[in-house]
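For reference, the structure is listed below as structure tokens.
A, B, ... follow the sequence lines: proteins, then strands. Residue 1 opens every chain.
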There are 2 protein chains.
Amino acid sequence: MIDNIGFVIGDISRLIRRTFDKRARAIGVTRAQWRVLTWLRRHEGTNQSALADRLELDAMTLCRMVDRLQDAQLIERRRDPEDRRAWQLFLTTKGVALSDQLEPIGEQLLQEALADMPGKDRERLLALLELFRSNLQSIDEADADRKRSAHG
Amino acid sequence: MIDNIGFVIGDISRLIRRTFDKRARAIGVTRAQWRVLTWLRRHEGTNQSALADRLELDAMTLCRMVDRLQDAQLIERRRDPEDRRAWQLFLTTKGVALSDQLEPIGEQLLQEALADMPGKDRERLLALLELFRSNLQSIDEADADRKRSAHG
DNA sequence: TCAATTTAATAACATAGTTTATTATATGCA
DNA sequence: TGCATATAATAAACTATGTTATTAAATTGA
């Protein structure tokens, strides 16, 4: 029973990822790139290390993604006037146009997948998932603390 | 509301992946390798292409994972007596021992994360998630069909 | 003020994953 | 039988990611 919940959650996230990848790729980006574009759409001027933190990516990994997105003329780097080490990231016109196409994809997929679930049940599902998430967050933090004290 | 469900599911699967990766890596394997070992534990003798299908991995990707797992002396390839093209995969003694350590990790994480959720709620959660999954599966298949007919 | 430390970004190297093409074997059917 | 096609595995080339080390600039603090 309890492990079924694990399997089903695993299946769901895999299916979301798959469908998402396919639909995003049809538009010409990977899911990883989509995350960067979507974040920048709402928070223009973020620098690389802040963005890497946000998206839980390695700074180096993001650095190279930014290289590629810049080559594809979807984003651009501008020097931070306050900190000469840092770049501020902005979507180009092309990047904004692409991000407009991407935005509805996630919402739409969820709409399709939950079309036949009554509103009451959606609320229940959300509440139960939120409890689940909050417990996982505590576990994650506890693991991180354990590691810290083992080191120190 | 509906997009919150998406975000929460995303968070949950990310947190499960993270915690899982950390705990599995402490034992000396990646999550991808863990999936291979766990499957083989229950289905010894599976060949590479069947296993790749099962785990939804590319045949080539699995081939290299098998190379590494074999180098690490966790699994071994034996010729299929029925089909001289194919290898049958088996855990070594070392692989079995490691798989024994991995087995409880998933179950345990879920136990911790759902400890404070009453049985009734767990059942409800599972039922709602199953509906969600089944809808996503239909969408995934519909997308695949659309692609097929666009090609043909 | 200036040496020590931290931070932002990235080059260089190592590892893992994907795509395409090849080899050996198996299967279907004229 | 023997030719066309399919299948199992993998080599080779390419792409993406993770790790370590370096550079330049910012911050801290005696």
Side-chain N or O of T30(B) less than 4.0 angstrom from OP1 or OP2 on dA16(C)?
no
Here the distance between atom P of dA9(C) and atom CD of Q70(A), to the nearest Å, is 13 Å
Positive for side-chain contact (heavy atoms from CB on, under 4.5 Å) with I5(A), one of R122(B), E130(B), M117(B):
R122(B)
Would you call R18(B) and E56(A) a salt bridge, using N to O less than 4.0 angstrom?
yes
Check L91(B) against S99(B) and note the closest heavy-atom contact, atom names and distance.
CD1-CB, 4.4 Å
Could you check how far CZ of R78(A) sits from P of dA9(C), rounded to whole Å?
15 Å
By nearest-heavy-atom nucleotide on DNA chain D, the more 5' of A59(B) and L57(A) is A59(B)
Could you check whether D80(A) gets within reach of a base, just the sugar-phosphate, or nothing at all, counting any heavy atom under 4.0 Å?
nothing
Between P on dT17(D) and CD on E56(A), what's the gap in Å once rounded to a whole number?
16 Å
I want to verify a distance call: between dG17(C), dA8(C), dT10(C), whose nearest atom is closest to the R68(B) side chain?
dG17(C)
Take the protein atom CE of M60(B) and the nucleotide atom P of dT18(C), then report the distance between them rounded to whole Å.
11 Å
T46(B) and A50(B) have their tightest heavy-atom pair at CG2-CB, 3.8 Å
Please confirm whether the shortest side-chain N or O distance from Q48(B) to OP1 or OP2 of dT10(D) is below 4.0 Å.
yes
Length of the line joining L62(B):CG and dT19(C):P, which is rounded to integer Å:
15 Å
Classify the side chain of R84(B) versus the base of dT25(C) as yes if they form a donor-acceptor pair under 3.5 Å and no if they do not.
no
Go nucleotide by nucleotide along DNA chain C from the 5' end; which of T61(B) and D67(A) gets its closest nucleotide reached first?
D67(A)
To the closest 0.5 Å, what do you measure between CD (E76(A)) and CG (L89(A))?
9.5 Å
Using whole Å, what does the distance between atom C1' of nucleotide dT10(C) and atom CG of N47(A) come to?
14 Å
For R77(B) and dA8(D), give me the distance from atom CZ to atom P, rounded to whole Å.
15 Å
Out of dA11(D), dA8(C), dT10(C), which nucleotide sits closest to the side chain of C63(A)?
dT10(C)
Can you check whether any acceptor in the base of dT10(D) is under 3.5 Å from a donor in the side chain of R85(B), or vice versa?
no
Within this structure, what is the CZ-to-P distance between R64(B) and dA12(D), rounded to whole angstrom?
11 Å
